[in-house]
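Hydrogens, waters and symmetry mates are skipped; everything else that's a heavy atom, side chains included, is used. Proteins get letters first, then strands, A, B, ... in listed order; numbering begins at 1 in each.
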Amino acid sequence: MIKKPRGTQDFLPPKSEEIAYLEEKAAELFKRYGYGRMITPIFESTDLFTRSIGETTDIVSKEMYTFNDKKGRSLTLRPEGTAPIVRAYIEDPSSFGLLPAKVYYIGQMFRYERPQAGRYREFWQIGVEAIGSSDAVLDAEIIDLLMSYLEEVGLINLDLKINSMGCKNDRAKYSEQLKDYLRSKKADLCKDCRQRVEVNPLRVFDCKNKDCQMSITNAPKIIDYICKDCNGHFEKVKGYLGATSIKYKVESRLVRGFDYYTRTVFEVASSELGAQDALGGGGRYDNLIADYGGDSTPAIGFAFGLERIILARQKQGKSKRPTKLHLWISYIDEESKKEAFKLLLLMRKNNISADMSLDYKNLKAQLRQADKRDVGYSLVIGPDEIASGKYALKDMNTKEQQSLCIDEIVRRMKDEG
RNA sequence: GCGACCAUAGUGUAAUGGUUAACACGGGAGUCUGUGGAACUCCAGGUACGGGUUCAAUCCCCGUUGGUCGCCCCA
């Protein structure tokens with residue numbers, strides 16, 4: 001038997017409807033904030049990701065689906081959504097219209113990781129990017145958009161953490177300070193962290209090892225090393241956030257997975273999700289476009305994972321009930337089956353969800369099918385109905401049944417629907 | 001990439017080194033040939049894959065694949 005590749009999923013109702021629902025909600029809300037949908041290729045030149053995300057990050061060093069096409073070009077299934085949009089912007093800035101350009105995307109991402117609850121090799125993300133402004137109010141808008149979305153789909157008890165990474169210079173300076181500090185504590189650090197000190201010292205903050213956590217309690221904080229401008233920017237972001245109803249915590253140890261972040265970064269998690277608890281996150285990337293050869297253009301964005309939102313909604317009892325059929329059509333004999341089929345098509349033309357038995361069964365069995373499918377109404381068609389032009393419409397909840405002509409039935413179903 | 005645990009009808013569980021692998025729910029049909037949800041009867045459907053040990057393996061061993069949970073990392 002051929003099985004689906006590891007870490008991938010098939011989606012059928014009701015799970016597929018959950019995804020559709022989350023997409024609709026996003027489209028609706030993002031439109032209100034002025035964001036339009038953007039679609040980019042699902043694979044890109046490998047260079048795009050290695051350069052933007054950072055060579056030493058886990059994603060690039062071991063998690064990418066990379067392959068050569070028939071001409072020997074190295075391509076990679078996108079592991080995240082920001083780099084492709086930045087690429088498109090640099091390729092043709094004018095197509096993005098007025099700045100800031102506000103776009104969102106919905107689609108699958110790919111990372112070669114060991115699957116576990118809330119983590120897949122092919123997973124769904126929805127993200128937004130606002131390109132062309134460094135104004136702090138935009139940071140607040142973006143964070144508000146993320147939190148509003150999560151609220152919109154019914155999630156509560158979320159923890160929002162924010163931090164500032166400063167600019168390039170700040171980061172380099174801070175990185176050296178942190179290295180010095182960590183080197184002095186090297187004896188207390190775990191095996192992995194000893195390596196991190198040299199390669200990517202900020203990552204030590206993510207370590208869950210108790211000794212490492214102890215060792216960094218007095219570590220220098222990036223917030224103390226960021227320059228005046230960056231600090232001012234962060235203060236403004238917090239000021240604008242004060243205008244919203246959003247609760248957040250400044251977390252000086254918050255470090256995100258991509259090297260391109262500058263200034264504001266943020267992450268939202270749910271304590272109900274276990275080890276993979278991050279629902280979404282993002283931040284500002286003011287240097288990325290310039291680093292790629294575009295005109296210096298500041299930008300900010302975020303992304304969240306649909307599987308984890310679905311998980312959190314399940315834990316919080318918010319899962320959507322599968323959509324039901326509205327009307328089931330039953331027929332008495334082969335003769336009336338044709339009439340039933342005609343009416344079935346008529347109902348569907350009138351936007352009424354309806355279905356009927358395919359194989360002939362006795363009426364009892366057909367009503368049993370209707371019952372199993374939890375329909376609201378059932379229509380019975382037999383020789384008597386065809387002769388009189390009046391059909392028996394039964395309310396499946398109250399068991400009440402009336403004889404009505406077709407127009408009345410259509411009208412009734414539409415009102416109910 | 002590392003570690004631990006796991007794999008039996010669609011789902012949830014049972015059982016045994018030896019005739020036919022059991023039960024519940026779910027699915028289908030009928031009892032009831034023009035009126036559903038109950039009850040009863042019947043039907044379909046299963047030991048993930050590949051090796052090994054053995055007279056004999058669903059059971060024991062190894063490998064593969066997949067899942068779950070940690071680590072890493074992140075969505």
* Taking the six-membered ring of F234(A) (Phe, Tyr or Trp), confirm whether the NZ or CZ of R263(A) is under 6.0 Å from its centre and within 45° of its axis. => no
* Do R37(A)'s NZ or CZ and the ring of F30(A) fall within the cation-pi criteria of under 6.0 Å and 45°? -> no
Identify whether any heavy atom of [X] sits under 4.0 Å from a base atom; if not, whether one sits that close to sugar-phosphate; answer base, sugar-phosphate or nothing.
X	result
E113(A)	base
M396(A)	base
G280(A)	sugar-phosphate
G282(A)	nothing
G118(A)	base
I309(A)	nothing
D333(A)	nothing

* Would a 4.5 Å heavy-atom cut-off, applied to side chains only, mark Q366(A) and M356(A) as touching? -> no
Gap between atoms [atom1] and [atom2], on [X] and [N] respectively (whole Å):
X	N	atom1	atom2	value
Q369(A)	G37(B)	CD	C1'	14 Å
K62(A)	C71(B)	NZ	P	14 Å
E385(A)	U35(B)	CD	P	12 Å
M109(A)	C74(B)	CE	C1'	13 Å
D277(A)	C69(B)	CG	C1'	15 Å
R368(A)	G36(B)	CZ	C1'	8 Å
R121(A)	A75(B)	CZ	P	18 Å
Y331(A)	U33(B)	OH	C1'	14 Å

For [N], which nucleotide in any strand shown is its Watson-Crick or wobble partner with both distances under 3.5 Å?
N	value
G3(B)	C69(B)
G46(B)	none
C60(B)	G52(B)
A24(B)	U11(B)

Side-chain donor or acceptor of [X] under 3.5 Å from a matching atom on the base of [N]?
X	N	value
Q401(A)	U35(B)	yes
R119(A)	C73(B)	yes
R114(A)	C73(B)	no
Q276(A)	G70(B)	no

* Structure fact -> Here the gap from S52(A) atom OG to N287(A) atom CG, rounded to the nearest 0.5 Å, amounts to 13.0 Å
* Asked: Can you tell me how far CD1 of I126(A) sits from OH of Y104(A), rounded to the nearest 0.5 angstrom?
  -> 8.5 Å
Quantified in whole Å, what is the [atom1] atom distance between nucleotide [N] and nucleotide [M]?
N	M	atom1	result
C69(B)	G36(B)	C1'	45 Å
C23(B)	U8(B)	C1'	13 Å
G63(B)	G10(B)	C1'	29 Å
G67(B)	U31(B)	P	46 Å
U54(B)	G12(B)	C1'	34 Å

* Asked: Distance check: side-chain N/O of K372(A) vs OP1/OP2 of G28(B), anything under 4.0 Å?
  -> yes
* Does a nitrogen or oxygen in the side chain of Q116(A) sit under 4.0 Å from OP1 or OP2 of G67(B)? -> no
* Of the listed nucleotides A75(B), G37(B), U68(B), the one nearest the side chain of R111(A) -> A75(B)
* Asked: Which nucleotide in the set U35(B), G67(B), U31(B) lies at the smallest distance from any side-chain heavy atom of R6(A)?
  -> G67(B)
Distance-only criterion, 3.5 Å: show the donor-acceptor pairs between side-chain atoms of residues 304-315 of chain A and protein atoms not counting sequence neighbours.
residue, atom, partner, partner atom, Å
E307(A), OE1, W124(A), N, 3.1
E307(A), OE2, Q9(A), NE2, 3.4
E307(A), OE2, W124(A), N, 3.2
R308(A), NE, G118(A), O, 2.7
R308(A), NH1, A278(A), O, 3.0
R308(A), NH2, G118(A), O, 3.1
R313(A), NE, E18(A), OE2, 2.8
R313(A), NH1, V153(A), O, 2.5
R313(A), NH2, E18(A), OE2, 3.3
R313(A), NH2, K318(A), O, 3.1

* Asked: So, does Q316(A) use its side chain to make a donor-acceptor pair with the main chain of I156(A) at under 3.5 Å?
  -> yes
* Asked: Mapping N362(A) and A392(A) onto RNA chain B by nearest heavy atom, which one lands closer to the 5' end?
  -> N362(A)
* Asked: Hey, is W124(A) doing a stacking thing with A75(B), by the 5.5 Å centroid and 30° angle criteria?
  -> no
